[in-house]
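Working notes for the structure below.
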Amino acid sequence: MPIHLLPQPAPSVPAQAESAADSRGTDTYGRTADEEPFIARFAGLRLVHAALRRDLARLPNALRLLQPEEEHKGEALLRHWTFMTAMLTCHHEQQDTRIWPIVRRFAPELRLLLNWLEADHHNLDHSFTRVTTLVRIASRDTGSAWPVAYAMEDLAARLETHLRIEERQLLPRMERVVTDNSRLGGLGELLDLLRSADGPGTADALAWLLDGVEPATVERLLAECDDDVARNWPHWQATYQRCTAPLWGPSGDLGGGAVGGGPVDGNLSIFGEGLGGLGSVVD
């Protein structure tokens, strides 16, 4: 079953009644069959949020199902968790250094909220670092898998509160102060940050962000990227699916997930075999 990373129909986009939709040939977003897919503003931010939720919902169960003889799967699980730690750190950096200063300038009434969000970013990063230590142990000692899985789920609940505050209190205000053609918070800006940061490679990040997104939406999102990214995307996607299959199968539908925060290696790759430097192909 496809996993929708971009937000589902929001209150500002009411779902159409079935009879009316059928009479006009529209979907639940009110689009006709030949219209291009809806792309929410600030797609980079929303994709990260959705990817974190997706994997925080399935990695705990992947850890619970880990067997003592599955050393390769344990290594893959730890690698995936560590990669998400790096993505969360870059996401917080994008917000704290690029987005929040602009919002503070044009929406000064949000300064107290932004200060709280920035402080909570640091608290979350420290919490994920502590859980990362536990995941490292559990990936080698399955006897501790269940309590560590519960720690993952507790952290996911805390992160969910943070994400909802951003989405419900901040993004609607940003839509009023940021111009429609701005790259702020978009996928292109996020990839630019990853290229300049000592963290995940563009290929790894894009494959992770777009895992489960409908093909038509992927095409629209890739339009924000450069030609090299669009040309290499099919290979990156296929390799990502092959290398994450040990965790939740080819369909990516297991029902468990996680994230973390802490220092990362510049050559960090979500792909176990490294893909021959795939992370720097488009850097």
Distance-only side-chain donor-acceptor flag, H122 / E118, under 3.5 Å: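 Distance-only check fails for H122 and E118.
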Can you find a side-chain donor-acceptor pair between T82 and R79 that sits under 3.5 Å?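 There is no such pair between these side chains.
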Compare every heavy atom of [Y] with every heavy atom of [X], then report the nearest pair and how far apart it is.
X: C243; Y: P246; result: O-CD, 3.5 Å
X: A138; Y: L66; result: O-CD2, 4.0 Å
X: R54; Y: L209; result: NH1-O, 4.2 Å
X: L65; Y: Q67; result: O-NE2, 3.2 Å
X: P101; Y: D96; result: CD-O, 3.5 Å
X: G74; Y: S139; result: O-CB, 3.5 Å

From [X] [atom1] over to [Y] [atom2], what is the distance, rounded to the nearest 0.5 angstrom?
X: N115; Y: L110; atom1: CG; atom2: CG; value: 10.5 Å
X: D227; Y: L222; atom1: CG; atom2: CG; value: 11.0 Å
X: L56; Y: L155; atom1: CG; atom2: CG; value: 7.0 Å
X: H72; Y: L77; atom1: NE2; atom2: CG; value: 11.5 Å
X: L78; Y: F83; atom1: CG; atom2: CZ; value: 14.0 Å
X: S127; Y: D154; atom1: OG; atom2: CG; value: 11.0 Å

Please report the C-alpha distance between W208 and M84 in whole Å, then the side-chain angles of each, then the deciding distance to 0.1 Å, and finally whether the side-chain contact (heavy atoms from CB on, under 4.5 Å) criterion is met. CA-CA 9 Å; W208 178 72; M84 287 187 293; 3.5 Å; yes
Would you kindly confirm whether [X] and [Y] end up in one hydrophobic cluster when ILVMFWY residues are joined by side chain heavy atoms under 4.5 Å apart?
X: L210; Y: L45; answer: no
X: V131; Y: L163; answer: yes
X: L193; Y: L206; answer: no
X: L159; Y: L171; answer: no
X: V213; Y: W236; answer: yes

Heavy-atom side-chain proximity of L113 to Q169 below 4.5 angstrom: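 Side-chain contact under 4.5 Å: yes.
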Could you check whether any side-chain heavy atom of V218 comes within less than 4.5 Å of a side-chain heavy atom of L221, counting everything from C-beta outward? no
Go through it in stages, so that I can follow the logic: the residues are D226 and R195, the test is salt bridge (charged side-chain N to carboxylate O under 4.0 Å, His left out), and I'd like the CA-CA distance, side-chain angles, deciding distance and then a yes or no. CA-CA 13 Å; D226 57 45; R195 290 188 179 100; 2.9 Å; yes
Aromatic Y150 / basic R64 pairing, under 6.0 angstrom, 45° off normal: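 Yes; both conditions hold, so R64 lies above the ring face of Y150.
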By the definition salt bridge (charged side-chain N to carboxylate O under 4.0 Å, His left out), identify the one residue from R53, R173, R41 that meets it with E167. R53
R140 side chain to R136 backbone, donor-acceptor under 3.5 Å: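 Here the side-chain-to-backbone pair exists.
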Intermediate values then yes/no, side-chain contact (heavy atoms from CB on, under 4.5 Å), E166 and F42: CA-CA 12 Å; E166 291 185 356; F42 314 118; over 6 Å; no
Out of the candidates N232, L187, D192, only one should pair with C225 under the side chain to side chain contact (heavy atoms under 4.5 Å, CB included) rule; please name it. L187
Fit a plane to each ring of H92 and H121, take the angle between them on a 0 to 90° scale, and name the class: parallel (under 30°), tilted (30 to 60°) or perpendicular (over 60°). parallel
Could you go step by step and tell me if L170 and L114 meet the side-chain contact (heavy atoms from CB on, under 4.5 Å) rule? CA-CA 9 Å; L170 195 59; L114 293 172; 3.8 Å; yes
Can you list the steps and then say if V48 with Q94 is a side-chain contact (heavy atoms from CB on, under 4.5 Å)? CA-CA 11 Å; V48 173; Q94 179 191 24; 5.7 Å; no
When you look at CD of E71, are more than 12 heavy atoms from neighbouring residues, nucleotides or ligands closer to it than 6.0 Å?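 12 or below, so no.
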